[in-house]
Amino acid sequence: MVRENEIRDGEIAVSVPEVTDAGLIYIGRISTPWTSRFECPRQGRHDGPLCRIDIFEPWAAALSGVDLYERLELLYWLDRSRRDLVLQSPAKDGTTRGTFSIRSPVRPNPIGTSIVKLERVEGATLFVRGLDCLDGTPLLDIKPDRTLFSPLAAAQAGDFQVGDAG
C-alpha cells in the first residue's frame, strides 16, 4: 500500500510556485464517512453512503430550485492533497502518466468534482450520494448536472455554432 506523500518509482515532483489568490470562497463543508485517503473511494457511486453538505450563510438562499434536479455537480477543494506531482504512477504495474491524464487528487489546483445523486434538501443542508472526498472537505460550487440542464436564458449566437467556421 502506498503511504501518504510517498513518491513512487517513476513519479516526479516539482517546486510549487508561490501561491496566488484566485479569490475562491468556500460556500459550505462536506461531511462523508471517510477520514483517510486509504478509506475514500476512488470514484463516487450513486448507491454509496449518504453524505451531508452544509451550506454557509449567506449562500443558503442560492439553494432555491436545486431540488428540481436529480443530480448535481459539486466542485470542492481537496485541501489535504499535495500539489507538486507532474508525473504519477497510479497503477500497480509501475506505469507513469501525467497528472492531467488521470483523476488523482494530487494536482496543482486540487479541485475535485463529482456528479452526485440528490436525495433531499433540508434548509441549508443537502443530502447526496456519489461523493469521493474526505470528511470536512470545503465546498466551492454547486451546479445542476449539465446532462439534465437546459439553459433558462434566451439563446445567443454561440449556442448554434457548429464546426470550425465563425
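Position 1 is the first residue of the sequence; numbering continues from there. Side chains included, hydrogens not; waters and symmetry mates left out as well; all remaining heavy atoms used.
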Which of these passes side-chain contact (heavy atoms from CB on, under 4.5 Å) with L118: D145, L72, I142? L72

Polar side-chain atom of S64 near backbone of A61 as donor-acceptor pair, under 3.5 Å: no

Any donor-acceptor N/O pair, S81 side chain to P105 backbone, under 3.5 Å: yes

So with a 6.0 Å cut-off around CG of D9, is the heavy-atom count from everything else above 12? no

Check whether more than 12 heavy atoms from other residues, nucleotides or ligands sit under 6.0 Å from atom CZ of R80, and answer yes or no. yes

Could you grab the distance from atom [atom1] of [X] to atom [atom2] of [Y], nearest 0.5 Å is fine?
X	Y	atom1	atom2	value
C40	L134	SG	CG	5.0 Å
R45	L131	CZ	CG	14.0 Å
Y76	T137	OH	OG1	7.5 Å
T32	D135	OG1	CG	5.0 Å

Are [X] and [Y] side-chain neighbours, meaning at least one heavy-atom pair lies under 4.5 Å?
X	Y	answer
L126	R52	no
R129	D47	no
L85	I12	no
E73	T113	yes
C51	P33	yes

Please find the pair of heavy atoms, one from G123 and one from L63, that lie closest to each other, and give the distance. O-CD1, 3.8 Å

By the definition side-chain hydrogen bond (donor to acceptor under 3.5 Å, both in side chains), identify the one residue from R82, R42, Q88 that meets it with S104. Q88

Let me have the donor-acceptor pairs involving side chains of residues 21-29, under 3.5 Å, with sequence neighbours excluded, atom names and distances please.
unit_1, atom_1, unit_2, atom_2, d
D21, OD1, G23, N, 2.6
R29, NH1, G136, O, 2.8

